[in-house]
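Quick note: numbers below take in every heavy atom, side chains included, and nothing from hydrogens, waters or symmetry partners.
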Amino acid sequence: MRSRTVLLAVFGAGLGCAPDSELFDERSDAGSAAGARSTAGIVLFDPPSGSRDLPVNLAALTLHLGPGQTLDATHGVRLRADRGGVVALGAAVAEDCGSMAGSCVRVAIGGELAANATYLLEQALPPGSGAVLIGALSTGRSRDDTPPRSDGVVVEPIVDCYRVRLSSNEPAMAALLFRHADGDVAQSLGLGLGLGQRAWDVPVRVSRFAPGSELEALVILMDRAGHLGESPAGSLRAPALRPTIAITEVLANPAGSEVAQEFVEIMNFGATPVAVGGFVLYDAAAGDVLSALTLDPGGFALLVPGGFNPAGSRDVAPREGTPLLRVDGRLGKDGLGNEGEAVELRGPDGLVISRYGGWVNVTPAAWSGKSVHRGPGPEACDHPGSWSQTPRSATPGW
């Protein structure tokens, strides 16, 4: 195993809290202070409040701080046993919070906890002001002296990104280490995949390495006791350079004409103009060659059937000035399937530029006129998690 210093540096190079969704409800114990943010804006993120049977050698706590919130000597946190006694805590070390507002910090626990005990995490307010309960944790009977283990890691290319899937035998932090095949760790890239989980299915984008260079991938796990485990993820090649064009929105079930009012929106998310003439839009059975058009940085275009009516009264009109790239007849072979049909944008050489995998079934009548959207940014990877899981109001060209 490589040195602990190198491995921990990987975790510090991008390991973050998960995106802020319904996470606090999902990870909470309903009968505890789980997920409850203190009046000062602090959440016990991992282990989440209400956790039980934690190892007595729990290494650290990860906290999420609200916007503008900081920890200091007078507004810090303390871990107190309900049967008496305060546990020494180390200094707060910043962690990347990803897309969450606010910040994340990791606070080391300075000693072994008592077995079968309950601990309260509190925010210590200025003298005379008391404390605010942040959350509660309970230990089990024993230590955790076994490194975390993954039964298998899959890293597969998805256009210009990689899809990483793995599981752990216990809640852990996970990071992905890419390095050149010669083993040069100095040329590595550490990517945080998340913490406090047992399973991951995430996309990662790699741009540091020369296209086509041979890479090795290694997943590193760190459990709540601070033990490190490695799982080799195999060899692969850095993806080829592609034009900075992405499919960003798909309307397969318009409120108007089922085939005439469909559209696929594309965007240039790069810093230079891109000529898309000769690109091909494919569905499951056929392709449509795009006519000549140069998209400026940040520019959108709509790929539409020949009969598309931008002034149709039943669907959202395209933003004024949005270019329409019309194809002969219908999109693809026979229009876009409502049940969830994949569409790909390929270059003239056949290289896949961007892909929507048809991950959302839009057949319900309530979703007529609504589209699926790519996020959190147009440069997101072509992965199910990058797309809205239910259709939203269409925004063609916006």
Is [Y] reachable from [X] through a run of hydrophobic residues whose side-chain heavy atoms are each under 4.5 Å from the next?
X	Y	result
Met267	Val372	no
Leu303	Trp387	yes
Phe269	Ile245	no
Leu218	Leu228	yes
Val343	Val259	no

So, the side chain of [X] versus the backbone of [Y]: is there a donor-acceptor pair under 3.5 Å, distance only?
X	Y	value
Arg149	Pro147	no
Thr139	Asp53	no
Ser51	Leu137	no
Asn268	Leu295	yes
Asp223	Ala172	no

Any pair with a residue in [range] that passes salt bridge (Lys or Arg N to Asp or Glu O under 4.0 Å), sequence neighbours left out, goes on the list, sorted by first then second residue, please.
range	result
residues 341-364	Glu344-Arg346, Glu344-Arg355
residues 112-133	Arg78-Glu122, Arg80-Glu122, Glu112-Arg143
residues 257-276	none

Closest approach of [X] to [Y] (non-hydrogen atoms, all atoms of both residues):
X	Y	value
Ala240	Pro211	CA-CB, 4.0 Å
Asn253	Val362	ND2-O, 2.8 Å
Trp200	Ser168	CZ3-CB, 3.8 Å
Ala115	Val56	CA-CG1, 3.7 Å
Gln261	Gly307	OE1-O, 4.1 Å
Pro243	Phe279	CG-CZ, 3.9 Å

By the side chain to side chain donor-acceptor pair (under 3.5 Å) test, which pairs, at least two apart or in different chains, include something from residues 275-290? none

Do [X] and [Y] come within less than 4.5 Å of each other through their side chains, counting heavy atoms only?
X	Y	value
Tyr119	Leu54	no
Leu345	Leu290	yes
Pro297	Pro273	yes
Thr146	Asn169	no
Val316	Ser393	no
Leu44	Leu63	yes
Pro148	His227	yes
His64	Cys104	yes

Do you see a donor-acceptor pair shorter than 3.5 Å between the side chains of Ser354 and Arg374? yes

Mind checking what makes salt bridge (charged side-chain N to carboxylate O under 4.0 Å, His left out) contact with [X], not counting sequence neighbours?
X	answer
Asp82	none
Glu156	Arg165
Asp334	Arg330

With sequence neighbours left out, write down each residue that passes side chain to side chain donor-acceptor pair (under 3.5 Å) with [X], or none if nothing qualifies.
X	result
Asp160	Arg205
Ser371	Glu249, His373
Glu339	none

Testing Val87, Asp144, Leu113 for side chain to side chain contact (heavy atoms under 4.5 Å, CB included) with Leu58, which one passes? Leu113

Pairs in or reaching into residues 148-170: which pass ring-ring contact (aromatic ring centres under 6.0 Å, His included), with residues at least two apart or in two chains? Tyr162-Phe178

Any chance CG of Asp145 has more than 12 other-residue heavy atoms, nucleotides or ligands included, within less than 6.0 Å? yes

For Glu320, does the CD atom sit with more than 12 other heavy atoms under 6.0 Å from it, leaving out its own atoms? no

Pairwise distance [atom1]([X]) to [atom2]([Y]) - rounded to 0.5 angstrom:
X	Y	atom1	atom2	value
Leu293	Ile266	CG	CD1	7.0 Å
Arg224	Thr62	CZ	OG1	9.0 Å
Arg392	Lys370	CZ	NZ	11.0 Å
Ile42	Ser103	CD1	OG	9.5 Å

Is Asp46 salt-bridged to Arg106, cutoff N-O under 4.0 Å? no

Can Asp201 and His383 be said to form a side-chain contact (heavy atoms from CB on, under 4.5 Å), step by step? CA-CA 9 Å; Asp201 181 350; His383 178 272; 3.0 Å; yes

Could you walk me through whether Leu221 and Leu166 pass the side-chain contact (heavy atoms from CB on, under 4.5 Å) check? CA-CA 11 Å; Leu221 298 170; Leu166 70 144; 4.0 Å; yes

Apart from Leu302 itself, residues in the same hydrophobic cluster as defined by side-chain heavy atoms under 4.5 Å: Leu251, Phe263, Val304, Phe308, Leu324

Worked verdict on Val327 versus Leu281 for side-chain contact (heavy atoms from CB on, under 4.5 Å): CA-CA 10 Å; Val327 304; Leu281 179 72; 5.9 Å; no

Evaluate side-chain contact (heavy atoms from CB on, under 4.5 Å) for Leu325 paired with Val276, printing each intermediate quantity in order. CA-CA 10 Å; Leu325 289 173; Val276 299; 4.1 Å; yes

